[in-house]
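Below: one structure, written as structure tokens.
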Amino acid sequence: MPPQTRRMAFPNVVIERDTDSEESSSSSDEEQDVEEEDNNDDLEAEEEEEVENGDTVEEVKVEVSAAKKREKAPITISLKKVCKVCKRTGHEAGFKGATYIDCPMKPCFLCKTPGHTTMTCPHRIATEYGVIPAPRRHTHNSLDYVFERQLRPNIPAIKPAFVIPDQVNCAVIRYHSRRVTCLEFHPTRNNILLSGDKKGQLGVWDYCKVHEKIVYGNIHGCILNNMKFNPTNDGTVYAASSDGTISCTDLETGISSSLMNLNPNGWQGPSSWRMLYGLDVNSEKGVVLVADNFGYLYLMDIRSNSQVGETILIHKKGSKVVGLHCNPVQPDLLLSCGMIILKVEYCMKIFSISLARIWDMRRLESGSSLCSLAHRRVVNSAYFSPRSGSKILTTSQDNRLRVWDSIFGNLGSPSREIVHSHDFNRHLTPFRAEWDPKDPSESLVVIGRYISENYNGAALHPIDFIDISTGKLVAEVMDPNITTISPVNKLHPRDDVLATGSSRSIFIWNPKEKSEIVQQKDEKKIVLCGKAEKKLNKKFDGESDDSDDDIRKIKGKITKSRKAEPKSSRCSLKGKR
DNA sequence: AACGTATGATCCC
DNA sequence: TGGGATCCCTACGT
């Protein structure tokens, strides 16, 4: 459907004149300006056409007061509407209603290729565009063949594949005072969700007892970048922060100890301030691994809380290492990812390359990585697959998800690249695609979407479920009450539950059938959030003693999928065996 | 409603 | 090699 343009009322401009001298000087200036603009523009014809159409460009005549009008001719200033992106006239980028119109002078905002806009980008129409599906697993011997042919059809599927949590079950609005940066489900207690924010606060929320929530505010001074539960005691969590410390916090008491402080002398300027980003725990080796913004990796012993071995430069000196992940099956393997670390000249052009690197924990030295996986922009996250640990999934700021099917195969180039909108924006927590830990095929992945879509007149940013074996969009999940972008998402390790961090709010999603039970049960508590929240705040101000801590039960209503697929098919094993 | 601002990667000189 | 300009679909407060 072609984008609809709306005729905007243009403001009248009146220029007041005080003195004759000023008048003459300013008038000549203006005339010059007009002239210059006209000369610079070869869009004159186009412009006139548009004026006739009553579209974007309009001329404003400035009428001088009647008395002076006789002496001086009226001045015509051309206030052409200018594109806010490329500053040219003749078109305008931005929202027209709930639809965003791209600047045609810029490369596609989705795939970054010039020549078209997101509106017509083939990747927007189908996420699987250009993705070569993973090859079917060929049966090699007769036993395999017999199993596939005769036994498998009789074995009931353990999990009816791809259950999509698509209904907002409950939400905490303005739980945090700054945007959410990370989420983590408790490894054993099903309803406990931890959240970190930009301020360094740590939230603990029991989302089945909606009103039970805690925020620990004195653990870190700024961004809580990553957290992981202590494998030997799941009542405590480790967290890495941009304040340069690692914390170990007791969830019951909120008492926190610091394992490391990289800035013992305080603020000495930005060139020396160290920030911790990547964090993971290797329970086999009994170490907490962290990485900083200067490219260094540190290992901390869990028992002694002291550093093990040397500090190792694992990426280019001075480049931020944003993610670390230990292989869930082979504890000797470590994955790191981060910012640009080299520049390459190719075909007379210079390309920046960011890397994810695989390391052998037994031989951790600078330059000894087993393999480097190249990306064109910063790699926000790199994860081994949760069950077999043999696949790798990365999220890069070049708007692509990359998948390597086997760490034992050829790692030279990714098995698949899926174009997906998850641009970097300094005001947003970086997007990270997360595996579904429950999917035995290790192909379902969740990631928030940056660009919005017009859903019945509302610009919403859905959360995408992608089958990374085919690149297909399995489901796009959104709620009319969530108007902000949702860069932080985590799937529950056992339940069909999705947790979303969107701006300062946290949402819990269930598959439809579950949420309806909850809705019935708590009908009186159901209120709206998002834009409706403001109104409700006023209403609730009398009842609630602390509006910042309001917990709101929200009734989710799934908006029709863009492709208007029936619900059943959206949650089926589409494109799979 | 219109603006200001927080603030990170990247490009370019 | 380093600092300053730039940025594009932000979110929220005044």
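Per chain, numbering begins at 1; letters A, B, ... match sequence-line order. The structure presented is a predicted model; accordingly, all values stated were derived computationally and were not measured. Keep in mind that the numbers below use all heavy atoms, side chains included, and drop hydrogens, waters and symmetry copies.
For A:Asn169 (side chain) and A:Ile508 (main-chain N/O), no donor-acceptor pair under 3.5 Å exists by modelled atom type. For the pair A:Asn489 (side chain) and A:Ser486 (backbone), a donor-acceptor distance under 3.5 Å is present. A:Ser502 places a side-chain N or O within donor-acceptor distance of the main-chain N or O of A:Thr484, the cut-off being under 3.5 Å. Judged by distance alone, with hydrogens and angles left aside, the side-chain atoms of A:Asp197 form a donor-acceptor pair with the main-chain N or O of A:Lys199 at under 3.5 Å. At least one donor-acceptor pair under 3.5 Å links the side chain of A:Trp435 to the backbone N or O of A:Phe384. Using modelled atom types, no side-chain atom of A:Ser319 and backbone atom of A:Met339 make a donor-acceptor pair closer than 3.5 Å.
When the P atom of C:dT10 is taken as reference, atom CD1 of A:Ile482 falls 17 Å away, rounded to whole Å. Counting to the nearest Å, the P atom of B:dT7 and the CG atom of A:Asn225 are 14 Å from each other. Distance, A:His422 NE2 to C:dC8 C1': 15 Å, rounded to whole Å. In this structure, A:Lys198 places its NZ atom 14 Å from P of C:dA11, rounding to the nearest Å. In this structure, A:Arg174 places its CZ atom 9 Å from P of C:dC12, rounding to the nearest Å. To the nearest angstrom, C1' of C:dT1 lies 15 Å from CZ of A:Phe294. Atom CZ in A:Phe431 sits about 13 Å away from atom C1' in C:dC8, given to the nearest Å. Separating the OH atom of A:Tyr450 from the P atom of C:dA11 is a distance of 8 Å, rounded to the nearest angstrom.
Figure legend: A:Lys112 and A:Phe109 shown as a cation-pi pair, the cationic atom lying under 6.0 angstrom from the six-membered ring centre and within 45 degrees of its axis.
Distances shorter than 4.0 Å separate some side-chain N or O of A:Lys320 from OP1 or OP2 on B:dA9. Taking only side-chain nitrogens and oxygens, A:Arg426 never comes nearer than 4.0 Å to OP1 or OP2 of C:dA11. The phosphate of C:dT10 (OP1 or OP2) has no side-chain N or O of A:Ser503 nearer than 4.0 angstrom.
Using atom P as the reference point in both B:dC12 and C:dC8, the two lie 15 Å apart (nearest Å).
Partners of A:Thr311 under the side chain to side chain contact (heavy atoms under 4.5 Å, CB included) rule, at least two apart in sequence or in another chain, are A:Tyr296, A:Tyr298, A:Gln307.
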Which atom pairs link the protein and nucleotides 10-13 of chain B when you take only N or O atoms and keep those under 3.5 Å?
| from | atom 1 | to | atom 2 | distance (Å) |
| --- | --- | --- | --- | --- |
| B:dC11 | OP1 | A:Arg377 | NH2 | 3.2 |

Can you name the atoms? Protein N/O to nucleotides 3-5 of chain C N/O, anything below 3.5 Å, with the distance.
none

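Judged by Watson-Crick or G-U wobble contacts below 3.5 Å, the nucleotide C:dG13 has B:dC3 as its partner.
Stacking of A:His427 onto the six-membered ring of C:dA11 is not present when judged by under 5.5 angstrom between centres and under 30° between planes.
Residues A:Tyr455 and A:Pro462 have side chains in contact (heavy-atom distance under 4.5 Å, counting atoms from C-beta outward). Looking only at side-chain heavy atoms (C-beta outward), A:Leu491 and A:Pro165 come within less than 4.5 Å of each other. In this structure the side chain of A:Val477 never reaches within 4.5 angstrom of the side chain of A:Val446, judged on heavy atoms.
Within the 4.0 angstrom heavy-atom criterion, base atoms lie near A:Thr118. Contact annotation for A:Ile485: backbone-only contact, meaning every heavy-atom pair under 4.0 Å involves sugar-phosphate atoms and none involves a base.
Here the nucleotide nearest the side chain of A:Ile223, chosen from B:dG8, B:dT7, C:dG13, is B:dG8. Taking the side chain of A:Phe424 as heavy atoms from C-beta on, and the options C:dC7, C:dC12, B:dA9, the nearest nucleotide is B:dA9.
For residues 104-113 of chain A, proximity to DNA chain B is found at no residue, defined as any non-hydrogen atom under 4.0 angstrom from a strand atom. Residues of residues 266-279 of chain A that place a heavy atom closer than 4.0 Å to DNA chain B do not occur.
Looking at A:Thr395 and A:His422, their side chains never bring a donor and an acceptor atom within 3.5 Å of each other. Counting only N and O atoms by type, the side chains of A:Lys320 and A:Tyr277 include a donor and acceptor under 3.5 Å apart.
Ring pair A:Phe185/A:Tyr207 is perpendicular by interplanar angle, where above 60° counts as perpendicular and below 30° as parallel.
Residue pairs that meet the side chain to side chain donor-acceptor pair (under 3.5 Å) test with at least one member in residues 262-272 of chain A, sequence neighbours left out, do not exist here.
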